[in-house]
Amino acid sequence: MATIQLQGVGKIYPGGVRAVQGVDLQIAHGEFVVLVGPSGCGKSTLLRMIAGLETITEGTMRIGDQVVNDLPPQDRDIAMVFQNYALYPHMDVRTNMAFGLLRRRRFPSRLKALLNADYAAGRTKERADIDARVLNAARTLGIEHLLARKPAALSGGQRQRVAVGRAMVREPKVFLFDEPLSNLDAKLRVEMRAELRVLHRRLGATMVYVTHDQEEAMSLGDRVVVLKDGLMQQVAAPREVYGRPANRFVAGFVGTPTMNMLEGSLAAQPGRMVFTAEALQLEGFAQAWSTLGTTGPLRCVLGFRPEHVRLGTPGGAQAVVEAVEHYGDRMDVMLKIGSHRLVARTGPDVALREGASTTFSIDLQHAHLFEAGDAGTRIA
C-alpha cells in the first residue's frame, strides 16, 4: 500500500535554521494531498524530504511499512515532477519519457546481446515493455503524436504532460509534484488542473502536490495541508478549510478576495450577544456565553467572506463605496466603514457608484470569531 506516514518530522539546516517542525501527517493510499502556503513556509522542503532529496533531521517517515529516513531517493519507489520539468533538450519526447526506465535496465549491453541469445531475448523483451509503457502513458496524456519531437518544439502545456508521462511510466508508489503548473499561463493552468484530477482518478495513485496558489490547492486536493513558518496550521478537506478555518492565518490565506476581519469586543446582554467594532454593532450570536470561558467582554476578531456581505439592506450599517471591480459574472465592491475597509462580492447587475453611500449587512450564520492577535485560533 502506498501510504505515507510522517511522525514529528522536522528539518534543521546548519546554523539552527528550522525549516519544518513537528509535522504529523498520514496520507492514505490513493489520496491526493496538497501542501500549500506562502513562500518560505516549508512546503517544498517537506516534499523534498518525502522524495529523499533533503535529509530528515527529526522524526520518522514511512512509505508503506518501510522507514525511509535514510533510504536514498532511487530506492523509495517515488516519481517527482519538477517545476522546470527537467527535460533533456537533445532527446525526443519518447526518450525523455523512457529515460528513467532505460537507466534501470537489467539487459543494457548491446555487446552481450550479440554474444548471448538468452541475453538478447531478454533485452528485446525489456525494450518492448518500455516502449509499450511509454506509448500507453502518451495515449493517456494525449501526446502520442508528439513522441518524435524535441522539447524545444513543444508548448508549456505539452512539456508539462511529458514530465508527468515520464513519472507515469515508472509506475511508482507515490507521485510528487513541485509546483508543476507555475510556468503556465492562467488559462492553461485551469485546464491542466482538471487534467491532473482526471489522471488521479484514472491511476488511483497516491499524489502529494506543492503549490503556493490557494485556488489551485482547493481545486485539486482531497485534503489540503496549510503551512506557515514550517508548522502545519490545518489539515482538512478543501470545503472545511474554507468554511471552518482553524485560525486567522488560514482564514486570511484561503479565499480570493481574502476574508474580511473586524477587531472588536463580544459581550453578553440580556437575551442576546453583541459584537461591537468601530461604527458597527451586530446582534444575534447564538452560542452560549459559558463556552467562551470568560465573564466579561471578550476582545476578538470577527471574520466573514465577501460573498456573505449583503448590499443595500434596509436598516443596515452605513458604508461608502470606495471602488468597484467588474469581472463579468460578478463584482467585488470595496467598502469603507469608519477606518475599516471591507470587500463585498455581489452580482454583476447591482447599481453602485464609487464615492456613494450604501447600506450592508453580514450573514452571521457564516461568520467566524477568532481570538485577538495575528495568530488567533477560531473560537466560534
Side-chain angles (χ1 to χ4, degrees), residues 38 214 226 228 233-234 240-325 330-347 350 352-380:
Q214 49 88 14
V226 184
K228 179 191 178 189
Q233 304 295 308
Q234 187 170 5
E240 183 174 351
V241 170
Y242 188 83
R244 294 181 61 84
N247 55 42
R248 281 190 68 181
F249 171 77
V250 176
F253 183 77
V254 174
T256 305
T258 188
M259 181 182 285
N260 296 299
M261 301 283 184
L262 286 177
E263 296 187 5
S265 179
L266 186 69
Q269 296 186 9
R272 66 190 193 279
M273 297 179 69
V274 177
F275 175 86
T276 303
E278 180 189 0
L280 179 67
Q281 180 170 296
L282 300 170
E283 300 182 9
F285 293 85
Q287 94 260 33
W289 183 252
S290 59
T291 63
L292 296 177
T294 182
T295 57
L298 177 70
R299 294 295 301 174
C300 59
V301 175
L302 177 70
F304 50 95
R305 301 282 182 192
E307 61 266 30
H308 298 139
V309 179
R310 306 287 180 254
L311 296 177
T313 307
Q318 290 288 327
V320 175
V321 178
E322 282 205 316
V324 179
E325 296 179 352
R330 67 188 189 279
M331 293 193 310
D332 287 344
V333 183
M334 271 58 73
L335 304 174
K336 186 173 183 181
I337 173 172
S339 62
H340 296 290
R341 283 179 169 82
L342 310 177
V343 181
R345 174 160 286 180
T346 186
V350 177
L352 289 170
R353 182 169 53 86
E354 293 180 349
S357 295
T358 187
T359 58
F360 75 95
S361 62
I362 301 167
D363 183 356
L364 295 180
Q365 288 187 332
H366 296 95
H368 311 272
L369 286 174
F370 301 96
E371 294 176 352
D374 293 338
T377 58
R378 185 178 183 275
I379 56 177

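Numbers for residues simply follow the sequence, beginning at 1.
Under the salt bridge (Lys or Arg N to Asp or Glu O under 4.0 Å) criterion, the residue pairs touching residues 305-318 are Arg310-Asp363, with sequence neighbours excluded. Screening residues 299-318 for ring pair (Phe, Tyr, Trp, His ring centres under 6.0 Å), with sequence neighbours left out, gives His308-His366. Residue pairs meeting the salt bridge (Lys or Arg N to Asp or Glu O under 4.0 Å) criterion with at least one partner in residues 330-344, sequence neighbours excluded, are Glu322-Arg341, Asp332-Arg345.
Residues Val309 and Leu342 form no side-chain contact, since every pair of their non-hydrogen atoms from C-beta on lies 4.5 Å or further apart. Between Val321 and Leu335, the closest side-chain pair of non-hydrogen atoms falls below 4.5 Å.
Among residues two or more places apart in sequence or in another chain, the side-chain hydrogen bond (donor to acceptor under 3.5 Å, both in side chains) test is passed with Glu325 by Tyr327. Thr346 pairs by the side chain to side chain contact (heavy atoms under 4.5 Å, CB included) definition with Leu311, Met331, Val333, Val350, not counting sequence neighbours. In this structure, the side chain to side chain contact (heavy atoms under 4.5 Å, CB included) partners of Ser339, at least two apart in sequence or on a different chain, are Glu278. In this structure Arg244 satisfies the salt bridge (Lys or Arg N to Asp or Glu O under 4.0 Å) test with no other residue, sequence neighbours excluded. Scored by the side-chain hydrogen bond (donor to acceptor under 3.5 Å, both in side chains) test, Asn260 finds no partners at all (sequence neighbours excluded). Ser265 pairs by the side-chain hydrogen bond (donor to acceptor under 3.5 Å, both in side chains) definition with nothing, not counting sequence neighbours. Among residues two or more places apart in sequence or in another chain, the side-chain hydrogen bond (donor to acceptor under 3.5 Å, both in side chains) test is passed with Glu371 by Thr377. Residues passing the side chain to side chain contact (heavy atoms under 4.5 Å, CB included) test with Ala375, sequence neighbours excluded: none. Partners of Thr276 under the side chain to side chain contact (heavy atoms under 4.5 Å, CB included) rule, at least two apart in sequence or in another chain, are Val274, Gln281.
Closest of all the heavy-atom pairs between Ala251 and Phe370 is CB-CZ, 3.7 Å. The two residues Pro245 and His368 come nearest to each other via the heavy atoms CD-CE1, 3.8 Å. Between Gly312 and Thr358, the shortest heavy-atom contact is N-OG1, 3.8 Å. Contact record, Val320 with Gly355: CG1-O, 4.0 Å, taken as the closest heavy-atom pair. The minimum heavy-atom distance between Ile337 and Ala317, with the atom names listed, is CD1-CB, 4.5 Å.
Side chains of Ser357 and Gln318: no donor on one and acceptor on the other come within 3.5 Å.
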